[in-house]
A.B. asks: 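This is the structure I have questions about; it appears just below.
All of these numbers come straight from a predicted model, not from anything done at the bench. Atom set for the values below is all heavy atoms of this structure, side chains included, hydrogens, waters and symmetry mates excluded. A, B, ... follow the sequence lines: proteins, then strands. Residue 1 opens every chain.
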Number of protein chains: 2
Amino acid sequence: MADDARTRLTRTAQELFAARGVSATSPRDVLTASGVGQGSLYHHFPTKHDLTLAAVGATVDEALTSAMHTLASDAPALERIVAYLGKPRDALAGCRVGRLTSDQAVMDDDGVHAVVGIYFTRLLDAVRRVLVEDGLADDVARDRAHTVVAVVQGGYVLARATGDPEALRAAVRGMTALLTTTDREASAA
Amino acid sequence: MADDARTRLTRTAQELFAARGVSATSPRDVLTASGVGQGSLYHHFPTKHDLTLAAVGATVDEALTSAMHTLASDAPALERIVAYLGKPRDALAGCRVGRLTSDQAVMDDDGVHAVVGIYFTRLLDAVRRVLVEDGLADDVARDRAHTVVAVVQGGYVLARATGDPEALRAAVRGMTALLTTTDREASAA
DNA sequence: GTCTATATGGGGATAGAC
DNA sequence: GTCTATCCCCATATAGAC
């Protein structure tokens, strides 16, 4: 049952949301792009909220799985952080989850907003744990985890604003340099 | 001439754009909130594009002036970077400029998009110059400038996603700690 | 479950008088 | 420069048949 109407609708919505955002995507757009009929859409998803929740939920699950995979490899802790920073990313497209943060349709919908919140809460916590494993104190690790995730999210913003994907790479390189330099210092101490 | 119709329209649009984004704000919303009449709006701004360009342009000017003020004080270079990072910010509101980066009405409008791009290009360049002044090599300074600005932008994303303004503060604290630690190391060398 | 038809409200603007 | 009236289109559904 991988491609019944419901699944096709969810997947199409995920793609359109990633490309244009939730607010800018109408149920009609999803119908047209998925090839599913109107009666079908409103049968499976009575309101746009329902469709949005399903699509955003699926996207968050996928993104979280991918991030956790990188952060939980058997490499040394610092290398996992560097790997997370350096993941290949479509900079000009923006983060499929982070972008939702300035999408009015998402911010106005408590259920969907909560799902986006959970994504970052889990991601921040995973990064924090890796940093603790690397030897950092709890509070320092917490702050630094926020910094690491923020650099990626902000890198997307810079790339989209300037139209230059290199802006994200530069932000990540700068962060990686700071982390690996600090590490050397810590080892020397 | 501080409060003729044109000025009031621009200022009202700036506020509404900051609060709800460009896509989610209609010319009608601006009319109503400004108290100006419909004929008046379409006289001064024939299309939404014109109104958006005026409002976003004004917001970018203000934001740039404020940032430059911080970055050009007579304090030591590193302190200016730390001051930029630590500026008081309304974390849950998001960056008035950065948020536009995922606003479809902005990304679809080349003129407005360009103005947003200029904001970040200038800001990044100003930060880079301060870092060079602090003794960093040109390419290292360029990367690190991206990192600094990205941390702020990403901090906003985290704060809005989780609903917690502390997320921005934590990201900034983490970055400040890394920068001041590295500095100590550099001085010791 | 899926179809076609229909409905309401707002977005973005135009027309023409004052 | 500003006013009121009007227009068309699309977003988001609802209705009821098959």
A.B. asks: Minimum heavy-atom separation for A:Thr147 and B:Met175, please, with both atom names.
C.D. replies: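 Nearest pair, atom of A:Thr147 first, then B:Met175: OG1-N, 3.3 Å.
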A.B. asks: Could you state the CG-P distance from B:Leu41 to C:dA13, rounded to the nearest angstrom?
C.D. replies: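 Going from CG in B:Leu41 over to P in C:dA13 covers 9 Å.
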A.B. asks: Could you check how far OH of B:Tyr42 sits from P of C:dG16, rounded to whole Å?
C.D. replies: 17 Å
A.B. asks: Just the rounded figure in Å: distance from C1' of D:dT12 to CG of A:Asp109.
C.D. replies: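 A:Asp109 atom CG is separated from D:dT12 atom C1' by 15 Å.
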A.B. asks: For the pair made of CD in B:Gln38 and C1' in C:dA17, what is the distance, rounded to whole Å?
C.D. replies: 14 Å
A.B. asks: So which one's nearest nucleotide on DNA chain D is more toward 5', A:Asp29 or B:Gly35?
C.D. replies: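 Its nucleotide being nearer the 5' end, the pick is B:Gly35.
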A.B. asks: Output the rounded distance in Å from CG (B:Leu31) to P (C:dG10).
C.D. replies: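 Value for this atom pair: 14 Å.
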A.B. asks: Strictly below 4.0 Å: does B:His44 bring a side-chain N or O up to OP1 or OP2 of D:dT2?
C.D. replies: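 The answer is yes; a side-chain N or O of B:His44 sits under 4.0 Å from OP1 or OP2.
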A.B. asks: Please tell me which of the listed nucleotides, C:dA13, C:dG12, D:dT12, lies nearest to the side chain of B:Ser26?
C.D. replies: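 Of the options given, the side chain of B:Ser26 lies nearest C:dG12.
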A.B. asks: Quick check: closest heavy atoms across B:Leu168 and B:Val152, and the distance to 0.1 Å?
C.D. replies: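 Smallest heavy-atom distance, with atoms named: CD1-O, 3.7 Å.
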A.B. asks: Using a distance-only criterion (donor-acceptor N/O pair, under 3.5 Å, no hydrogens), is the base of C:dG12 paired with the side chain of B:Arg28?
C.D. replies: yes
A.B. asks: Rounded to the nearest Å, what distance is computed from the NE2 atom of residue B:His43 to the P atom of nucleotide C:dA17?
C.D. replies: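 Whole-Å distance recorded here is 18 Å.
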A.B. asks: Quick one: on DNA chain D, does A:Gly39 or A:Thr25 contact a more 5' nucleotide (nearest heavy atom)?
C.D. replies: A:Thr25
A.B. asks: For A:Ala67 versus A:Lys87, what's the shortest heavy-atom pair and its separation?
C.D. replies: N-NZ, 3.7 Å
A.B. asks: Quick one: B:Gln104 CD to D:dA11 C1', roughly how many Å, whole number?
C.D. replies: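 It is 16 Å, rounded to the nearest whole Å.
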A.B. asks: Quickly work out the A:Leu9 CG to C:dT2 P distance and round it to whole Å.
C.D. replies: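 Rounded to the whole Å, the gap is 9 Å.
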A.B. asks: Is NZ or CZ of B:Arg89 both nearer than 6.0 Å to the six-membered ring centre of B:Tyr84 and within 45° of the ring axis?
C.D. replies: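 Yes - B:Arg89 lies over the ring of B:Tyr84, closer than 6.0 Å to its centre and within 45° of its axis.
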